[in-house]
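Step one of this worksheet: look at the structure below.
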Amino acid sequence: MKKILSIVLFSALGGALTLGAYKIFLEKPQVVIEQSGITNPKTVAANYSDARFGGAENIDFTTAAEKTLNSVVHVKNTMLQTIKDPFAEFFYGQGNGTRQFSQIGTGSGVIISSDGYIVTNNHVINNATDIAVVLNNKKEYKAKIIGTDPTNDIALIKVDAKDLPYVTFGDSDHIKIGEWVLAVGNPYNLTSTVTAGIISAKGRDLDGNGSVDSFIQTDAAVNPGNSGGALVNTRGELIGINTAISSMTGSFVGYSFAVPSNIAKKVIEDLMEFGNVQRAVLGVVGGELDGKVAANLDVNNTEGFYISEVSEGSGAAKAGLKPKDIIIQLDGNKISTFSDLTGFLRTKRPNDKVQVTFLRDNNQKTVEVLLSKNEISKVSTLGLELKNLNNTELKKLKIENGVKVSNILNKELLSYGVKKGYIITEINNKKVYSVDDVNDMISAKSSNEVMRIEMINLQGEVERYIFR
C-alpha cells in the first residue's frame, strides 16, 4: 500500500534558475487541449452572411490549400481501457470483475517527408496501443511512434510508404501579425477541412497549457480533431502545429493556438538524431519588464528581459553578461517578454551560438553567447539539484515522467527525510517531464501561490510537500 505523506513547508520561493523569476499573465482564458474522441457535430442552417473575409478577395488561398490538403492526415489512435466491476468481484471473486474495452480517438497529423514521417501533437497519440493514419485519398497505414516531447506537445510518427506528398517548413520567427493563414485538419471527424484566418498574436503565453509558452494565436477556426494539423501561410509553408483553443464551451469561439514550426522542427530533428530533445540554456535569472516592474527597478525600459543573476560558468557569464543588463534581442529577434525568450531558446541546441543584444546603463551592446546543456540544474528556490531521466530509467522505475533529485541543500526537506534519488513527478497537479518544466513552473508561480510537490521516495511510495 502506498504511503502518502503531506508536509507543509513554510519556505520563501523566489526566482527560478534557468530563465526567469516570474511571468506576467496578462489574461487567463480557459485553454482546451483537445481530448481524443469522436464527436458528431450538430448541423444547423446558416442563413446569414459573414463579412469577416470581405477584404480577402485579393488573397489567393487555393494554392496553399492544394499544397496542404493531401499532406494533412487523419490520425486514429486506439487505447485499451481497463475497468473494474466491484459487484462482480464481490459475487464471483477477485479478478472476475475486470474487463477491457477499446477507445478510439481522432486527431490530425502533417506529413513532412516523402518516406512517411508525420508530425502531430503528443496528446493525440498519448497512451495509444495502436495508431492508424488515413490519407486524403482514403489509403490507410499503420503508424509507429518515433519519439515524443510532452513539454512542447509534439510527437513524431512514421508510416511505411514512399512518394507521399509533404509540407515544407516555413520560418515561424518571421511571420507577421495580420498575416493570412490556413488551418487544415479533421475537426469533428470531418476530414480534409480548411479554414482561414489571420495571425492574431505571437509568443502567446497561456495559463493551463502545460509547458508550452510561445504559441501562435490565430482566428482560424479550430475544433476538436484539428489537433496535430497544419497551420500554413498563403504559400503553403508549415508555420505551426494546431494544438489548442481558448473556449468556455470546448468548441471554437474565436481564438486558436499553434506550436510554432521552428520549435516543432527542432524537436523533430532532435528526436530523429538523438532520440530525445536537446535543451539549451542561456544561463541567466530574471524576468520580463513592464511598467510596474521597471518603476520598481528604476529602469527606463518597459520591454525586454531583465537579468537579476548570471549563473556561474554559464555561456552568459563567459560572454560578460551581468546583473541589471536588459536583453532586447536574440539573433536580431525582438525580446519583449519571457515567452519571447523561452520560445527562441526552444529552437536552439547546446553549443549553438547566439548573438545577444542588451542594454547596460542605457548603452546598447551585442555579445556572442555559447548555449549550454540543461541536463542538471540547481533549483535555488527549492534547494535541490535535479537531473533529467531518460527513457530507460523511466521504464526501470515503471513511471511515465519525473526528474531525479541528485543533491539536496534544503534543510527542511532533509529533516523530513527527503533523500538523493527521490523523483519529482508533479508540481501543482501538473506532470513534470524535465528540469525545464520545474524551472518554468516555479518561474510562473505568483508570490502568494501555494506550491504542492509530489515525489516518489526510494521505496516507491508517494510523498507530498507543500510550500507556502
Side-chain angles (χ1 to χ4, degrees), residues 13-24 151 173 203 205 211 213-214 263 266 278-290 293-294 296-386 388 434-445:
L13 295 180
L17 176 65
T18 307
L19 291 174
Y22 49 82
K23 295 182 187 176
I24 306 299
T151 299
D173 284 346
D205 190 352
S211 299
D213 54 12
S214 190
I263 292 178
K266 186 262 182 185
Q278 305 292 297
R279 306 193 190 281
V281 295
L282 197 60
V284 295
V285 180
E288 68 180 57
L289 291 172
D290 62 13
V293 173
N296 290 336
L297 295 173
D298 193 26
V299 298
N300 296 325
N301 287 71
T302 56
E303 290 185 313
F305 185 86
Y306 182 87
I307 299 176
S308 60
E309 181 183 338
V310 179
S311 302
E312 184 179 353
S314 67
K318 293 175 182 177
L321 289 172
K322 299 178 180 179
K324 298 184 180 181
D325 289 345
I326 301 171
I327 298 174
I328 58 173
Q329 288 184 4
L330 293 175
D331 280 352
N333 297 289
K334 184 179 179 181
I335 303 299
S336 298
T337 64
F338 182 88
S339 59
D340 288 339
L341 182 63
T342 56
F344 177 86
L345 290 176
R346 287 189 180 188
T347 67
K348 299 298 179 182
R349 295 183 181 85
N351 298 320
D352 282 351
K353 294 179 180 179
V354 176
Q355 297 294 320
V356 179
T357 302
F358 62 98
L359 297 176
R360 178 181 295 169
D361 298 327
N362 293 321
N363 295 316
Q364 182 171 310
K365 301 176 180 291
T366 299
V367 295
E368 185 176 77
V369 176
L370 182 69
L371 300 179
S372 56
K373 194 172 185 178
N374 189 29
E375 284 294 342
I376 299 177
S377 176
K378 293 180 181 178
V379 183
S380 57
T381 53
L382 297 180
L384 297 175
E385 186 175 280
L386 305 176
N388 288 337
S434 67
V435 172
D436 287 317
D437 289 348
V438 177
N439 284 317
D440 289 347
M441 291 175 185
I442 294 175
S443 67
K445 178 190 175 297

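Everything quoted here is computed from the prediction, not taken from an experiment.
- Residues that satisfy the side-chain hydrogen bond (donor to acceptor under 3.5 Å, both in side chains) test with Asn333, not counting sequence neighbours, are absent from this structure.
- Residues Thr366 and Thr357 bring a donor and an acceptor atom of their side chains to less than 3.5 Å of each other.
- Rounded to the nearest 0.5 Å, atoms CD (Gln329) and CD1 (Ile327) are 11.5 Å apart.
- Residues Ile326 and Gly304 come closest through the heavy atom pair CG2-CA, 4.1 Å.
- The heavy-atom pair separating Ser339 from Gly203 by the smallest distance is OG-O, 2.7 Å.
- Across all their heavy atoms, Ala280 and Leu345 have their closest contact at O-CB, 4.4 Å.
- Residues Lys348 and Lys266 share a closest heavy-atom pair of O-CE, 3.0 Å.
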Chi angles and distances behind the side chain to side chain contact (heavy atoms under 4.5 Å, CB included) call for Leu371, Asn351: CA-CA 5 Å; Leu371 300 179; Asn351 298 320; over 6 Å; no

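- Considering every non-hydrogen atom in both Val435 and Asn388, the closest pair reads N-OD1, 2.7 Å.
- We find the CG-CZ distance between Asp331 and Phe344 to be 4.0 Å, quoted to the nearest 0.5 Å.
- Distance check: Gln278 CD to Arg349 CZ gives 8.0 Å after rounding to the nearest 0.5 Å.
- Side-chain contact between Val284 and Phe305 is present, with heavy atoms from C-beta onward closer than 4.5 Å.
- In terms of heavy-atom proximity, Val299 sits nearest to Leu289 at CG2-CD2, 4.3 Å.
- The backbone N or O of Thr337 sits nowhere less than 3.5 Å from a side-chain atom of Glu288 that would complete a donor-acceptor pair.
- Judged purely by atom type and a 3.5 angstrom limit, Asp290 has no side-chain atom pairing as donor or acceptor with the backbone of Thr302.
- Distance CG/Asp325 to NZ/Lys365: 9.0 Å, rounded to 0.5 Å.
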Side chain to side chain contact (heavy atoms under 4.5 Å, CB included) between Val367 and Phe358, intermediate numbers included: CA-CA 8 Å; Val367 295; Phe358 62 98; 3.9 Å; yes

Below 3.5 Å, can you tabulate the donor-acceptor pairs from side chains in residues 312-322 to any protein atom, sequence neighbours excluded?
from   : atom 1 : to     : atom 2 : distance (Å)
Ser314 : OG     : Gly283 : O      : 3.3
Ser314 : OG     : Ser311 : O      : 2.7
Ser314 : OG     : Ala317 : N      : 3.3

Val356 and Leu330: CA distance, side-chain angles, deciding distance, side chain to side chain contact (heavy atoms under 4.5 Å, CB included) verdict: CA-CA 5 Å; Val356 179; Leu330 293 175; 3.6 Å; yes

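- With a 4.5 Å cut-off on side-chain heavy atoms, Arg279 and Ser434 count as touching.
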